[in-house]
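Notes for the one structure printed next.
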Amino acid sequence: KDLVEIPSLVTEVESGELPPIGKRVPQEPSIVDLDAMGKVPGNYGGELRILMGKQKDTRMMSVYGYARLIAIDDKLQFSPDILKSFEVKEGREFTFHLRKGHRWSDGHPFTSEDFRYFWEDIATNLKMSPRGLPTALLVEKKPPSFEVIDTTTVRYTWHKPNRQFIPWIAGPRPLQLYRPAHYHKRFHIDHGDKQEIEGLIKTERKRDWVDLHSTRDRWYRMDNIKQPTLQPWMNTTKPPAVRFVFLRNPFYHRIDTKGHQLPYIDRVLMSLGETKVIPAKSGSGDTDLQGRYLRLDHYTFLKDGEARYDYSVKLWKRAQGAHMALYPNLNAADLQWRELLRDARFRRALSLAINRHEINQVVYYGLASEGNNTVLPISPLYRPKLQKAWAEFDLKQANELLDAIGLTKRNDKGLRLMRNGAPMIIPVDTAGESTEQVDVLELIHDSWLKVGIKLFTRPSQREVFRRRIVAGQTIMSVWSGISNGIPTASMNPEELAPSNKYQLQWPQWGLWSQTSGKMGEAPALPEVRRLGELHSDWLQAASTEDQEKIWKEMLDIHADQIFSIGIVNSTLQPILVNNRLRNVPTNGFYNWSPGAYFGVYKPDTFWYANR
Amino acid sequence: MDDLIRINDLRVEFSLLGGTIEAVKGVSLRIRPGSTVALVGESGSGKSVIAQSIMGILPKVGRITAGEILFADPDRDGEVIDIVSLAPDSQDMRDIRGGSISIIFQEPMTSLSQFHTVGDQIGEALHLHRDIGPREGRELVEKMLELVGFPDPAAAIDTYAFELSGGLRQRAMIAMALVCRPALLIADEPTTALDVSIQATILKLIKELQVELGMAVLMITHDLGVVANVADEVVVLYHGQVMESGSVEDIFGNPGHKYLQALIKAVPHFDMKTGERLTPVHEIDYESGPLMSAKEPWPSGLDEDATLLSVSGLTKHYTTRKQSWFGSGEATKITAVDGVNFDIKRGECLGLVGESGCGKSSVSKLIMRAISPNEGSVTFNDRGNMVDLFSVEDEEMMQLRRKIQMIFQDPVGSLNPRMTVFDIIREPLVIHEIGSAREQADMVRELVRLVGLDPRFLNRYPHSFSGGQRQRIGLARALALKPDLLICDEPVSALDVSIQAQVLNLFKDLQKDLNLTYLFISHNLAVVDYIADRIAVMCRGRIVEIAPREILFRNPVHHYTRRLMAAVPYPDLKRKLDFSTFDKSGSDEPESWPKPFAIGPDLPSAMFDLGDEHYVLAAEGTSPRELAS
Amino acid sequence: MISYIIQRCLIMIPTLLAISMIVFFIIELPPGDYLESYVAELQAQGENIDPDHIEFLRENYGFGDPPVQRYLSWVGGMLQGDFGYSFEYKLPVSEVVGDRLFLTILVSMATILFTWLIAFPIGIYSATHQYSWGDYGLTFIGLLGLATPNFLLALILLYFANVVFGTSIGGLMDAEFIGKPWSLAKAQSVLEHLWIPVVVIGTSGTAGMIRRLRANLLDELQKQYVTTAKAKGLSPFKALVKYPLRAAMNFFISDIGNLLPSIISGAELVAVVMSLPTTGPILISALQSQDMYLAGSFLMFLATLTVVGVLISDLLLAWLDPRIRLQGANAK
Amino acid sequence: MSAASRKGAKLEHFVSSEPFNPQMVDHAVSPEQEKYYLASQWQLMWWKFTRHRLAVVSGAFLLVTYFSILISEFLAPYALQTRNVDFIFSPPQSVHVIHEGSFVGPFVYGTNYKLNMDNLQRVYTEDKSKIYRLRYFCSGDEYDFWGIGTSNKHLVCVEKGGTLFLLGTDRLGRDILSRVIYGARISLTIGLIGITLSFSLALLIGGLAGYYGGLVDLITQRVIEVIQSFPQIPLWMALSAVLPVTWSPLWIYFAITVILAMLDWTGLARAVRSKLLSLREEEYCLAAQLMGARPKRIIGRHLLPGFMSHLIASATLSIPTIILGETALSFLGLGLRPPITSWGVLLNEAQNISVIALYPWLIFPVVPVVFVIIAFNFLGDGLRDAADPYK
Ligand SMILES: Nc1ncnc2c1ncn2[C@@H]1O[C@H](COP(=O)(O)OP(=O)(O)OP(=O)(O)O)[C@@H](O)[C@H]1O
Ligand SMILES: Nc1ncnc2c1ncn2[C@@H]1O[C@H](COP(=O)(O)OP(=O)(O)OP(=O)(O)O)[C@@H](O)[C@H]1O
Ligand SMILES: [Mg+2]
Ligand SMILES: [Mg+2]
């Protein structure tokens with residue numbers, strides 16, 4: 001196919017600074033079939049302005065860029081991207097084939113050496129990684145064997161299946177198995193010039209060469225402008241800055257069907273500003289593509305500016321299992337409460353006593369869907385009962401359940417009394433970042449009163465919030481639900497099982513499984529133990545069918561046990577798009593993982609139409 | 001119009017919360033160009049208010065309700081302007097004020113800004129009214145300062161008010177008023193803070209300028225001696241009304257009105273016999289009041305006439321550090337008090353006179369422990385218990401303070417402007433927790449009555465009083481505690497002779513009845529002569545002569561004492577001062593005094609006993625006979 | 001005077017030392033550390049993170065060391081010009097600061113100047129025209145500025161500037177100058193943008209200044225020396241400016257030391273809202289994310305600035321007030 | 001005398017015919033004056049105060065406002081937490097008197113609601129066919145009155161079926177007016193405790209430093225310098241982070257106010273100190289010392305009153321800081337938070353671009369803030385005048 005030179009690079013090519021397009025694109029480029037995606041091929045040029053809040057948000061460019069060895073497509077399937085292809089045998093032997101002629105953004109070839117460098121000089125180097133390999137690379141604590149087959153082929157082999165491997169590689173913050181070896185070697189004690197390294201350590205006041213090396217390795221944040229990348233845009237602004245300029249990567253590996261190297265857009269301008277002001281700035285046309293830091297309640301305001309600033313606001317769906325969920329702390333330190341909270345009837349009663357419809361109407365304009373903290377309909381694992389179980393507004397049943405537990409005594413205000421005679425007041429901790437949470441809690445407060453339970457909102461700061469939950473000082477907390485609400489069976493169900501200490505409903509049990517029983521407590525409830533088992537099973541499952549079965553059982557347990565009380569999900573996310581910007585889907589889902597926010601929709605295929 | 005100023009039927013009202021006060025009730029007077037008009041009268045009779053009216057600087061609450069003040073401005077070829085009709089802030093009025101008419105305020109201590117140098121403040125008037133460059137201005141100011149008797153005018157230009165003694169501040173004020181060479185000078189008690197010799201110098205200066213510039217002077221004063229010496233015409237004011245006016249000769253020679261006659265009778269003079277009483281305009285009965293009741297008695301068996309206060313070797317240096325921005329500048333040491341010794345017996349009144357700035361106030365403050373001495377000691381006899389004032393603890397001192405009280409020289413500064421008179425006078429009682437609130441109130445009323453103030457004034461604040469009234473507030477306060485020892489620093493300087501007589505009589509009576517002891521500081525030698533049992537004359541921080549009153553002024557030995565005596569103005573047209581004998585600095589240098597009396601750093605001197613408790617300071621080795629001659 | 005200056009400077013050393021201890025204590029005070037807030041923040045964005053990695057970082061950053069040791073190494077580093085490392089920026093603190101400190105001082109100074117320029121004439125007017133309509137009206141406007149929260153004002157301005165003028169405000173220079181070295185054009189651009197934050201921050205201070213000035217002047221106006229000045233024929237205005245204002249100045253000068261921190265504090269939130277490239281936003285986010293060395297060093301900068309401000313105000317005071325300079329009245 | 005000719009005609013000797021009475025009393029005393037002369041100092045101050053009309057009005061306004069916080073429940077048309085989920089972001093309703101030309105007395109129209117799905121805006125229009133008359137002392141939301149008992153009487157409400165949102169509603173359909181009325185409770189009380197505290201500290205510490213000078217002064221100055229050297233925000237953040245989370249938000253806020261007060265005294269203390277340093281040189285201060293007055297009395301009775309204007313101005317100026325300081329705190333997530341309602345909280349909720357653009361009535365709480373601040377300032381003026389001897 002005939003490759004077309006990019007207009008903005010013509011002068012550089014002519015002056016010899018850059019090789020011509022044919023030498024830049026891999027011999028086997030990744031060809032993006034725009035038609036199949038319902039997109040149209042476009043023209044080069046323009047700059048994409050986006051707004052971000054913090055310095056470290058530069059990482060969003062490696063998320064949005066979403067060039068991954070293996071990526072998820074918009075149908076949630078894993079497919080090779082940077083890789084030309086990959087093979088998986090028995091779920092434990094992974095062979096990766098690179099594209100011939102693929103180059104880093106500085107023009108240096110991208111080969112298996114880059115994988116070797118990561119594996120031998122970083123991951124398994126005791127100085128560089130004293131804590132050993134990342135968990136995703138361990139199966140039953142055992143590392144894989146790594147082989148370089150040839151310059152474009154590498155292989156990882158475990159003794160047992162590793163089901164997390166590919167999801168991790170395809171993640172928004174991926175398991176990065178390669179590094180630009182040619183760049184990093186200079187700073188590695190085993191490869192570089194010792195004297196030079198010593199000198200650099202001195203001048204840059206580094207602790208040692210490891211420090212020196214790792215401050216250079218910023219592939220995720222993309223804030224080392226010297227470090228080559230494979231992403232569609234590369235950073236050209238040295239931090240600290242309040243405006244970052246990302247230029248196209250002239251050696252990018254994707255082309256469209258017409259032989260145009262992607263991305264279409266020349267530059268991405270990322271401006272940093274206070275997050276609270278981003279909606280205002282967006283509404284005044286300061287951005288071309290924005291989802292981050294916008295909320296549904298900004299929608300009307302944003303709509304207001306559409307005519308003035310020539311953008312339109314689309315409503316995408318959020319893909320969390322619940323936009324907001326209550327987490328009873330099953331590890332609460334208070335014995336009485338702990339006992340109550342561990343009683344499934346109590347949790348169900350609380351769930352039944354929430355008027356989700358009213359909340360939906362008042363806060364979400366009736367546009368969200370009411371129900372549990374579970375997977376969304378887009379997910380192949382979805383079944384309506386997951387959403388609806390114990391989630392109808394039914395005060396009668398709720399009262400019956402509470403009576404059945406024995407909480408029959410009430411005080412003169414109508415509040416049920418705990419066994420120690422104290423009125424039943426549930427303090428709900430909130431990190432209180434938006435008024436939305438407080439509003440919803442107030443609405444819940446009202447309907448819970450009708451079953452004799454009083455809710456008391458206790459705002460605190462984020463860290464304090466986390467800390468208290470882990471320490472068991474909270475009874476209940478409010479946070480968003482499962483972060484991956486649109487899983488497929490091959491995605492890790494870790495969120496459904498105790499897996500780390502940040503889980504709000506069972507932090508101690510999570511910690512226990514995270515540390516393999518060294519810290520925390522073993523799960524006390526049989527259902528939770530079962531979830532743990534199922535999770536282990538999934539990691540070793542032989543087939544996708546097995547995985548699906550496991551997923552379903554786990555989801556069922558959750559729907560029945562109400563370990564977290566979801567309020568609504570499928571809430572809407574306003575996405576502001578410049579009217580000239582093409583190929584941005586009108587309906588999409590906006591999610592971290594899977595999805596990488598815009599990443600799954602391939603921003604490198606976005607382009608500006610002329611007016 | 002022939003007159004420079006003619007005031008016709010002037011009425012001034014003050015509106016206060018409780019109603020209005022008419023301070024000036026239809027006063028008419030005239031001032032002819034080049035002449036001196038003396039305005040005398042009872043304290044609070046409206047003299048200062050008339051002055052303020054002429055200047056157009058009445059306080060906000062004051063208002064001219066009727067009358068006119070016609071001013072024939074010589075700067076405008078005698079065009080007649082009615083000052084009453086001018087807006088006080090108008091350009092016309094401002095041209096007159098300071099340019100054609102200037103004023104010396106009654107209270108020099110507070111009239112100068114603390115932030116600006118003396119030279120700046122004096123020069124300001126000059127630059128406002130004369131078109132003059134900065135250099136020339138400085139020269140003129142320097143000359144003016146020299147004229148009013150600043151020892152080192154070039155340096156004085158750059159000093160600040162707080163660096164000057166009361167006398168020097170007053171002289172700075174005078175310089176400020178004269179620097180523009182006005183057509184009319186209003187001098188409101190211009191010499192109260194000055195000793196007689198400097199007073200004479202100043203009066204002489206004014207006279208000279210008057211001749212030179214044809215300047216008219218409105219001299220407001222209580223000192224009939226001054227009136228007799230400088231005035232051409234006299235206006236006598238009583239309660240805001242003119243009682244009598246006429247030429248000096250008429251006034252002194254043929255006083256017509258009863259008030260004036262009474263006034264002249266009330267003046268103390270040197271010819272008074274021991275025990276003779278002054279005749280005030282009205283006597284006050286104090287015996288019935290609470291002041292006389294229950295005072296801690298003097299223990300029986302103790303010598304009734306024991307020494308109450310003994311001062312020995314008292315020395316005080318002030319170091320003023322003339323700081324420059326770079327380098328610490330040389331520290332100038334002023335020896336304000338230089339080895340002063342004296343005793344005061346119980347029930348005695350020791351008069352302290354002397355040149356302005358000689359350290360009188362410093363001595364009194366040292367005794368009060370308001371400042372600490374460099375050397376010397378002060379022993380106080382607390383009912384037989386001799387205490388060294390400089391070594392007692394705070395708590396004990398606090399108890400002693402009940403027994404030693406002081407009347408401040410500066411009546412304005414020593415009254416808190418934010419307390420009502422009632423609170424001010426009551427304060428010592430409150431501090432020492434004496435009596436119930438009711439008794440305190442009674443006491444306050446009694447005190448106010450004793451010093452001749454109207455008890456209805458108790459709710460007013462100090463600033464709304466005339467100078468003399470304020471001084472009496474200070475007096476009343478000092479008496480409230482019924483102290484054993486009362487240090488009076490110029491207690492009657494702002495009082496007219498009748499009130500002065502009244503107060504002096506009160507002092508005498510209290511001395512007799514309560515055995516009150518005084519240290520009485522004054523520039524008015526006649527007053528001291530009247531009130532004191534013994535008199536000490538101070539100069540340059542030292543006591544140069546000390547003797548019982550009968551002896552001192554009748555037989556002064558020391559050169560300095562004699563000089564002082566020569567400068568006293570008498571309220572007698574036949575004994576006018578001979579101004580030509582005064583040079584401008586007021587007192588010549590002690591180093592150059594005639595032989596045995598010269599004092600200086602390398603001229604050792606000692607006190608010589610001349611008998612009859614008469615001591616004189618003279619060079620060591622002088623024979624007493626030599627002195628007596 | 002020299003000895004006074006030296007003495008004052010020497011006193012600064014223990015002061016700064018004390019400040020450094022308090023700074024350190026204060027940033028250590030909140031529970032948790034940078035990593036905890038890092039995790040919390042990532043989770044708030046829906047990102048999850050490998051707990052192992054966090055443990056790794058924790059060791060790497062030396063969070064395990066005892067506080068005293070960390071304090072000493074921090075202070076020791078600062079003495080050698082090493083202000084520590086920002087976790088958030090993954091850069092040495094000194095690099096993060098860049099010219100923000102300068103811009104902060106610029107904005108603060110401009111604000112002080114603005115406040116004074118507005119407050120002094122109005123304060124004088126109010127004092128001399130006490131209880132006139134002008135007095136009431138200006139007081140009212142001043143108080144209005146005081147009563148509106150700064151950032152609400154900033155937000156309103158932000159919105160109306162946009163709707164009415166179609167401009168997008170915020171920032172302290174045009175986008176093309178961001179990150180560029182200083183040039184004439186950049187300075188000009190900064191000046192053009194400066195006034196909005198200055199007005200926003202300044203409004204709240206002005207009222208206070210006006211009222212205090214008015215009160216002080218009213219007190220001084222009663223003094224006898226003002227009458228003296230008037231008696232010289234000075235116009236009321238000149239008499240006011242030369243004497244009472246001069247006396248009232250004392251108060252303002254002694255307040256300079258305080259002004260700086262209060263303006264910087266007041267400006268922080270405005271800076272956040274208006275995305276000013278000053279220290280405020282960085283400081284706040286550093287505090288929120290517990291980026292301790294960044295926050296600590298920033299606080300030290302600001303504290304030093306204040307201490308120097310106090311020094312300047314003391315020296316100015318001594319220079320302007322003869323009573324202090326000559327120590328004449330204090331000789332007891 | 002040679003000058004005689006220049007001096008013109010000799011002044012005639014004039015002798016007044018007024019009799020001389022040494023005991024003469026200057027002016028006759030009217031009963032009114034008599035009253036004044038006998039009055040106590042407080043009475044005098046009060047009389048002077050009343051002459052400042054605006055101050056009296058302000059004082060009255062503040063009194064009424066403070067009184068209103070006692071009966072907020074009764075004054076507010078709705079209870080604090082009453083939500084009207086059908087009236088979210090409803091704009092202020094206006095009260096009419098005349099309907100289609102005929103007089104009906106005060107009433108409001110009904111409202112029609114439509115959600116514009118296009119931009120998710122809730123659109124409210126007046127429904128002129130429905131008329132709801134206003135009622136006084138009527139029954140409405142039930143409330144608990146200071147724990148004395150429950151009641152449902154309100155000052156005004158509207159006929160059944162109607163709504164009375166005079167200042168509109170917020171995002172949960174709560175009546176802004178009612179929230180403002182309730183919000184006064186916290187805004188006008190807790191902060192004042194802070195002011196009192198910081199003032200006392202400032203007077204005490206500044207007073208001592210100024211009075212004693214020397215070493216005391218030096219140390220105080222350095223302490224002040226250290227405290228002042230901190231921007232306040234980190235202090236707030238740090239200190240509030242260590243407060244126990246189990247405290248109720250109100251207590252936390254109270255504690256923060258107290259902490260703020262403990263840090264806030266420095267500026268004033270410095271001012272007090274430098275003023276006192278010069279005031280103590282005044283002779284009247286010396287006079288008091290020589291009378292045996294103790295430092296406490298000298299500072300309290302002699303020195304501080306000389307500084308009254310500044311103190312009053314400072315005090316009245318810190319009131320907005322306290323009322324609004326909370327909003328700054330809230331901006332950082334430290335201040336009061338809903339469900340607690342104060343003016344600061346209300347304003348904080350208004351700090352949002354959508355509010356300014358779409359629901360500007362939510363900014364209304366600025367108005368009472370402004371009024372209160374202005375009232376305090378004018379009251380301060382009046383007090384200043386009352387204490388001013390020169391008035
Ligand atoms: N600012 C003022 N407010 C109210 N009353 C005042 C004010 N100034 C003066 N007075 C009153 O006016 C009367 C006259 O005062 P004025 O100062 O003229 O007295 P004076 O004759 O100068 O007395 P002295 O010789 O004691 O200075 C006094 O009764 C005094 O109380
Ligand atoms: N605080 C001070 N600092 C420096 N010098 C002072 C101070 N107080 C007084 N002096 C100086 O000490 C000397 C004596 O002052 P003092 O006030 O005792 O004089 P005085 O005899 O009371 O004079 P007057 O009659 O003018 O009141 C003067 O030269 C004066 O300038
Ligand atoms: Mg007078
Ligand atoms: Mg004296």
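Chain naming here is simple, since letters A, B, ... match the order of the sequence lines and numbering starts at 1 in each. Since the model is a prediction, treat every value here as computed from it, not as a measurement.
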Could you look at A/Leu441 and say if it's the side chain, the backbone, both or neither that has a heavy atom under 4.5 Å from chain D?
-> neither
Check whether D/Asp86 gets within reach of chain A through its side chain, its backbone, both or neither, counting any heavy atom under 4.5 Å.
-> neither
Check the angle between the aromatic planes of D/Phe254 and D/Trp251 and answer parallel, tilted or perpendicular using the 30° and 60° thresholds.
-> perpendicular
Give, as side chain, backbone, both or neither, the part of A/Leu443 having an atom under 4.5 angstrom from any heavy atom of chain D.
-> both
Establish, from distance only, whether the side-chain atoms of A/His445 and D/Gln81 form a donor-acceptor pair under 3.5 Å.
-> no
cation_pi(D/Arg179, D/Trp361) dist<6.0 Å, angle<=45 = no
Backbone N/O of D/Asn116 and side chain of D/Gln121: donor-acceptor pair under 3.5 Å | no
For A/Glu306, is it the side chain, the backbone, both, or neither that has a heavy atom closer than 4.5 Å to a heavy atom of chain D?
-> neither
Residue from D/Leu120, D/Val355, D/Ile88 scoring the most non-hydrogen pairs under 4.5 Å with chain A is D/Leu120
To the nearest 0.5 angstrom, please state how far the CG atom of A/Leu352 sits from the CH2 atom of A/Trp448.
-> 11.5 Å
